[in-house]
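What you see below is based on every heavy atom in this structure, not just the backbone, and it leaves out hydrogens, waters and symmetry mates. Throughout, protein chains are lettered first and strands after them, A, B, ... in sequence-line order, and every chain is numbered starting at 1.
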There are 2 protein chains.
Amino acid sequence: MNRTIDYYTELAQRGLQPSVQRVRILEFLHANRIHPTAEQIWLRLSPGMPTLSRTTVYNTLKLFAEAGIVQTLVIEEKEMRFDIDTSHHGHFSCDRCGTVFDFTASALSGAVPSELDGFEIRERHLYYKGLCRECRTKERRKG
Amino acid sequence: MNRTIDYYTELAQRGLQPSVQRVRILEFLHANRIHPTAEQIWLRLSPGMPTLSRTTVYNTLKLFAEAGIVQTLVIEEKEMRFDIDTSHHGHFSCDRCGTVFDFTASALSGAVPSELDGFEIRERHLYYKGLCRECRTKERRKG
DNA sequence: TTGTCTGCAAAACATTTGCATACTG
DNA sequence: CAGTATGCAAATGTTTTGCAGACAA
């Protein structure tokens with residue numbers, strides 16, 4: 001089974017033109033569950049596609065977000081991250097190594113507080129920050 | 001009772017030099033619970049303090065954040081918001097008017113999932129996005 | 001007087017925009 | 001052929017940095 005074809009048809013079925021760039025970006029997101037930034041995607045794909053521009057990566061990610069293919073995470077200042085897993089889950093961002101971890105979060109599926117009655121909720125995000133296990137160990141060693 | 005004096009001593013007690021700029025920014029944050037951006041604070045204070053620079057506003061907010069006087073919200077892309085209320089609560093950001101609302105969120109005080117065992121959690125944020133009551137009504141009127 | 005704070009100008013950085021060229025149906 | 005996608009270069013907007021002068025303990 002050919003994955004490239006899978007993603008090609010996935011895009012086509014959603015009514016999006018399955019250009020080479022879009023298929024490769026979608027492929028990358030499925031294969032690399034690292035909540036990448038646009039820059040990371042570009043850095044990893046451009047060696048194999050020398051003409052790929054950052055603009056296209058940005059355009060494509062915006063398109064994917066609007067189509068509901070990815071969710072956008074604004075957990076850190078400055079750069080946005082993209083998650084191909086659009087299910088409800090929490091995100092932990094390590095202040096030291098920058099890695100973003102997933103964790104299960106039932107709070108995101110529960111009832112909405114009455115203070116928000118009448119509000120239309122489109123997105124729910126639960127973000128934790130701190131030190132991941134590995135970085136915490138390293139910090140302790142240093143002092 | 002003189003509020004300016006209160007904030008002056010609050011800063012002094014925390015070991016921060018209570019400069020005119022810092023007192024005014026602290027005062028503004030207490031009086032305007034709007035989760036302002038650095039730019040908003042500068043826009044509102046500079047008419048009364050013509051020499052106030054954006055740099056000072058940024059420096060001061062960073063200082064306040066490090067001192068635990070404010071919490072920083074990265075709910076929206078691009079600009080950071082500052083909240084003088086450092087207690088556990090959720091934030092709702094309206095996609096249309098940009099207003100950030102508070103809501104009670106017990107999920108932020110509960111237990112941490114076992115997936116994060118060994119992690120050091122320093123911050124927890126719950127962000128909702130969508131349309132606030134008022135904007136939802138307006139959207140419906142438009143069709 | 002010695003270190004810290006302020007504020008200007010310039011830099012840094014992620015993202016967006018304008019537009020010409022290249023695809024694709 | 002008509003419409004959409006790509007990609008370069010330039011613009012945008014927020015935040016940071018370098019540095020000189022002002023201020024405070």
Note to self: Nearest whole Å is fine: how far is C/dG7 C1' from B/Arg22 CZ?
What the structure shows: 14 Å
Next item on the list: Would you check if A/Thr56 and A/Trp42 make a side-chain contact, meaning some heavy-atom pair closer than 4.5 Å?
Entry: no
Next item on the list: In whole angstrom, give the distance that lies between atom CG of A/Leu45 and atom C1' of D/dG7.
Entry: 15 Å
Polar pairs (N or O, both sides) under 3.5 Å between protein and nucleotides 9-16 of chain C?
{"from": "C/dT15", "atom 1": "OP1", "to": "A/Met80", "atom 2": "N", "distance (Å)": "2.8"}
{"from": "C/dT15", "atom 1": "OP2", "to": "A/Tyr58", "atom 2": "OH", "distance (Å)": "2.7"}

Margin query: Does a side-chain N or O of B/Thr51 approach OP1 or OP2 of C/dG7 to a distance below 4.0 Å, or not?
Written below: yes
Item checked: Sub-6.0 Å ring centroid separation between B/His125 and B/His91 -> no
Expected rows: protein N/O vs nucleotides 22-25 of chain D N/O, under 3.5 Å:
none

Next item on the list: Run the salt-bridge test on A/Glu134 and A/Lys138 with the 4.0 Å N-O cut-off and return the result as yes or no.
Entry: yes
Next item on the list: To the nearest Å, give me how far apart CG (B/Leu16) and C1' (C/dC5) are.
Entry: 12 Å
Margin query: Distance check needed: D/dG13 C1' versus B/Gln40 CD, whole Å only.
Written below: 15 Å
Notebook entry, point to check: What orientation do A/Tyr128 and A/Phe103 show, parallel under 30°, tilted 30 to 60°, or perpendicular over 60°?
Noted result: tilted
Note to self: Given C/dG7, C/dT17, C/dC5, identify the nucleotide with an atom nearest to the side chain of A/Asn59.
What the structure shows: C/dT17
Note to self: What is the distance, to the nearest angstrom, from the CG atom on A/Leu52 to the P atom on D/dA5?
What the structure shows: 16 Å
Check: Between OG of A/Ser46 and CZ of A/Arg24, what distance do you get to the nearest 0.5 Å?
Finding: 11.5 Å
Check: Hey, are A/Arg122 and B/Asp95 close enough for a salt bridge, meaning a charged N less than 4.0 Å from a carboxylate O?
Finding: yes
Next item on the list: Tell me yes or no: between the side chains of A/Thr104 and B/Glu115, is some donor less than 3.5 Å from an acceptor?
Entry: yes
Notebook entry, point to check: Separation of A/Met49 atom CE from C/dC23 atom P, in whole Å?
Noted result: 13 Å
Notebook entry, point to check: Are OP1 or OP2 of D/dA5 and a side-chain N or O of A/Thr56 less than 4.0 angstrom apart?
Noted result: no
Check: How many Å lie between CG on B/Leu63 and C1' on C/dG7, as a whole number?
Finding: 16 Å
Next item on the list: Answer with yes or no after comparing the ring centroid distance for B/Phe101 and A/Phe119 against a 6.0 Å cut-off, counting only values under it.
Entry: yes
Checklist line | d(CG, B/Leu11; C1', C/dC5) in whole Å | finding: 13 Å
Notebook entry, point to check: When you check the gap from the basic side-chain N to the acidic O, do A/Glu66 and A/Lys62 get nearer than 4.0 Å?
Noted result: no
